[in-house]
Chemist: 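Pasting a structure below so you can have a look.
Order of the sequence lines sets the chain letters (A, B, ...), proteins ahead of strands, with each chain counted from 1.
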Protein chains: 2
Amino acid sequence: MSMADTGEPDIAAQLEAASTAQERFQIMYSVLRDRISMLVYPPGTQLSEEVLAGEFGISRSPLRKALQILEADGLLLSQQGIGTLVTDVDLNELAQVYQLRMEMNELTGRLSPADVDFRLAALFDTMRQRAEDLRVAPERQAFARLNIDFFHAFQQLTDNQPLRDVSEKLFYQTCRIWLTLIPSTNLSREVEIFCQEIFAITDAVAIGDIEAAAHIRRAHLSMGLKRLTSMKDAKDAPV
Amino acid sequence: MSMADTGEPDIAAQLEAASTAQERFQIMYSVLRDRISMLVYPPGTQLSEEVLAGEFGISRSPLRKALQILEADGLLLSQQGIGTLVTDVDLNELAQVYQLRMEMNELTGRLSPADVDFRLAALFDTMRQRAEDLRVAPERQAFARLNIDFFHAFQQLTDNQPLRDVSEKLFYQTCRIWLTLIPSTNLSREVEIFCQEIFAITDAVAIGDIEAAAHIRRAHLSMGLKRLTSMKDAKDAPV
DNA sequence: TCGTGATTACTTGTATACAAATATTTTGTT
DNA sequence: AACAAAATATTTGTATACAAGTAATCACGA
């Protein structure tokens, strides 16, 4: 599925193995979005179409489709003569996206809540396990990876597909802010808070109370925004 | 020459006048989305890249970007060897989108409500005027056009940009359903209902009560969904 | 007449050459 | 040395030829 964190073995081979154009697009899109979100390409990075096409073993044409969709998602900005740059997340946009996500997460509990079957419960159990592992050995990459994977798990708590699509777009618009703002000194604290969130939500899911899970998620989004703004202020403050 | 019956004077000239690629994309995207929404291209219509590029006076490359974004929006579906087809709106998707829009419209009143200045009040006044004109002479095209324009006016009631973007995507995913389902016999009734909605919302906006406007909108979305499902049932019923 | 296989036509997907826009470097002049 | 203008390099944008996939047609035989 997602994987492709550091390993990401030979994308070119995966692309060649894919039979349809849609599959190839999906691979390129996922890989690039993941690299942007995991800060393999930090904000401001210039992505050369020619270089990327070379790495993927294809021409610029099919690659450009992936880049154009990512641009529509707000993750890239292409300009003729300048280049394709990874966008930055500014504080204003961050606050607006977070406010919207807070409200929409509540909808997860109200609109078409999924029934918690064995598979879903098992998924959240692995999340809990990964959180515990991370707490023992806090690490930036693993933290970011768990953040992304837990989001996708949470998504499965609703059967409303448009809600899923919209939530995903909003999530990826800002999720890299954590990696960009967390200094190594704060990592442990953030991991601890995130673990508490995962534990609480997993407990709620275990007893089938999706609405409770949604409210917990909302509360943590709210507090997360507050911490992010304070981090941002601390970073922007003069030395 | 071109079959663009609804105003839309020579797109090719507009494209040539545009100075940047982004402007050209915006023109093509808007024109195509509008044609799909106004049923110039009804669901199932096959859009030939070559023909469209010819009409727009450009090559397939820049046109394809617009088509690809519209495909990501869910309005088109492209398949190699088959063609690019306008998607249909099925009842399931319709219900999910409407449920989500109902909830999100409430957010319009809570998240960053815009302050109603003179310009905004004037805009809603023109909407009221157009509604009154439409009531006198109900017409399918004018109804659909007002539906789209009123949506954009309503959008301006919030300053939360992500909320605007998401709402717009959702709106265009289903708005053509009205034109596809309304038989000429029901047009007058729908126009009447729509006028009542516009009048009520305009009154609320006039006194600066955006939250009230949002609740009215939500109520009409809810009732609209009910009517749409009943229309759909009536249409699908055997003769 | 029916069925079946090959052929043909038509569609989007991909590769590539070139155009246009921007940034950088060089070069010439004062 | 400083400045300006031109040449150059680098990037995305566009046009176009061809490949790959699909559907319809035709030919041919039983």
Side-chain angles (χ1 to χ4, degrees), chain A residues 11-32 35-36 41 43-87, chain B residues 11-32 36 41-87:
Chain A
I11 310 298
Q14 289 186 43
L15 288 174
E16 198 157 7
S19 54
T20 72
Q22 295 179 18
E23 290 176 49
R24 289 189 286 273
F25 163 78
Q26 200 57 45
I27 292 173
M28 286 187 284
Y29 177 78
S30 300
V31 166
L32 292 174
R35 288 182 183 176
I36 294 171
Y41 304 138
T45 304
Q46 176 174 335
L47 302 184
S48 166
E49 293 184 354
E50 199 166 0
V51 172
L52 270 178
E55 180 195 340
F56 291 169
I58 55 173
S59 75
R60 284 175 54 209
S61 304
L63 170 67
R64 277 173 66 82
K65 176 173 179 178
L67 295 178
Q68 285 162 353
I69 302 292
L70 287 167
E71 184 178 12
D73 290 344
L75 303 187
L76 294 178
L77 185 61
S78 286
Q79 282 179 289
Q80 185 174 8
I82 298 178
T84 302
L85 306 181
V86 178
T87 57
Chain B
I11 309 299
Q14 289 186 44
L15 288 174
E16 197 157 8
S19 54
T20 72
Q22 295 179 17
E23 289 176 50
R24 289 189 286 273
F25 163 78
Q26 199 58 45
I27 292 173
M28 287 187 284
Y29 177 77
S30 301
V31 166
L32 292 174
I36 294 171
Y41 303 140
T45 304
Q46 177 173 335
L47 302 185
S48 165
E49 293 184 354
E50 199 167 359
V51 171
L52 270 179
E55 182 197 336
F56 291 169
I58 55 173
S59 75
R60 284 174 55 206
S61 304
L63 169 69
R64 276 173 66 82
K65 175 173 180 178
L67 295 178
Q68 285 162 352
I69 301 292
L70 286 168
E71 186 179 10
D73 290 345
L75 303 187
L76 294 177
L77 186 60
S78 286
Q79 280 178 290
Q80 186 174 7
I82 298 179
T84 302
L85 306 181
V86 178
T87 57

Chemist: Round to the nearest Å and state the distance from A/Gln80 atom CD to D/dG13 atom P.
Modeler: 6 Å
Chemist: Which nucleotide sits closest to the side chain of A/Arg24: C/dT22, C/dT14, D/dT14?
Modeler: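 Between C/dT22, C/dT14, D/dT14, the one nearest the side chain of A/Arg24 would be C/dT14.
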Chemist: What heavy-atom pair brings A/Tyr41 and A/Leu32 nearest, and what distance separates the two atoms?
Modeler: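 Of all heavy-atom pairs spanning A/Tyr41 and A/Leu32, the closest is CE1-CD2, 4.1 Å.
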Chemist: Taking the side chain as every heavy atom from C-beta outward, state whether A/Ile58 and A/Met28 have any pair of such atoms under 4.5 Å apart.
Modeler: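 They are in contact (side-chain heavy atoms under 4.5 Å apart), so the answer is yes.
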Chemist: Checking A/Gln14 side chain against A/Ile27 main chain: does a donor-acceptor pair fall under 3.5 Å?
Modeler: no
Chemist: To the nearest angstrom, how far is A/Leu52 atom CG from D/dT12 atom P?
Modeler: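 Result: 9 Å.
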Chemist: Output the rounded distance in Å from CD (B/Glu16) to P (D/dG13).
Modeler: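 Whole-Å distance recorded here is 19 Å.
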Chemist: Backbone N or O of A/Val86 within a donor-acceptor pair of the A/Thr45 side chain at under 3.5 Å?
Modeler: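 No.
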Chemist: Mind listing the residues from residues 60-79 of chain A sitting with a heavy atom below 4.0 Å of DNA chain D? Number order is fine.
Modeler: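 Only A/Arg60, A/Arg64, A/Gln79 qualify.
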Chemist: Could you check B/Ile82 against A/Gly81 and say which one's nearest nucleotide on DNA chain C is further toward the 5' end?
Modeler: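 The answer here is B/Ile82.
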Chemist: Using a heavy-atom cut-off of under 4.0 Å over every strand shown, decide if B/Leu47 touches base, sugar-phosphate, or nothing.
Modeler: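 It contacts sugar-phosphate atoms only.
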Chemist: Could you pull out the closest heavy-atom pair between A/Leu76 and A/Glu71, with the gap in Å?
Modeler: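 Where A/Leu76 meets A/Glu71 most closely, the heavy atoms are O-CG, 3.4 Å.
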Chemist: To the nearest Å, how far apart are B/Phe56 CZ and D/dA15 P?
Modeler: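 Taking atom P of D/dA15 as the reference, CZ of B/Phe56 is at 13 Å.
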Chemist: How long is the line joining CG of B/Leu85 and P of C/dC10, in whole Å?
Modeler: 17 Å
Chemist: At what distance, to the nearest 0.5 angstrom, does CG of B/Leu63 lie from OH of B/Tyr29?
Modeler: 14.0 Å
Chemist: Can you tell me how far P of D/dG13 sits from CD1 of B/Ile58, to the nearest Å?
Modeler: 14 Å
Chemist: What contact category does B/Thr84 fall into here, base, sugar-phosphate, or nothing, at under 4.0 angstrom with non-hydrogen atoms?
Modeler: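 Counting heavy atoms under 4.0 Å across all strands, the contact made by B/Thr84 is with sugar-phosphate only.
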Chemist: Distance-only, no hydrogens or angles: does the B/Gln68 side chain make a donor-acceptor pair with backbone N or O of A/Gln68 under 3.5 Å?
Modeler: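 Checked: no pair found.
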Chemist: So, does B/Ser59 get its side chain near the phosphate of D/dT14, meaning an N or O under 4.0 Å from OP1 or OP2?
Modeler: no
Chemist: From CZ of A/Phe25 over to P of C/dT12, roughly how many Å is that when rounded to an integer?
Modeler: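 Interatomic distance, CZ of A/Phe25 to P of C/dT12: 18 Å.
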Chemist: Roughly how many Å is it from CD1 in B/Ile27 to P in D/dT14, rounded to a whole number?
Modeler: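 One finds 12 Å between P of D/dT14 and CD1 of B/Ile27, rounded.
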Chemist: 5'-most contact on DNA chain D: A/Ser19 or B/Gly57, nearest heavy atom basis?
Modeler: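 Final value for this comparison: B/Gly57.
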Chemist: Looking at every strand, decide which applies to A/Glu50 at a 4.0 Å heavy-atom threshold: base, sugar-phosphate, or nothing.
Modeler: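 Nothing, no heavy atom under 4.0 Å.
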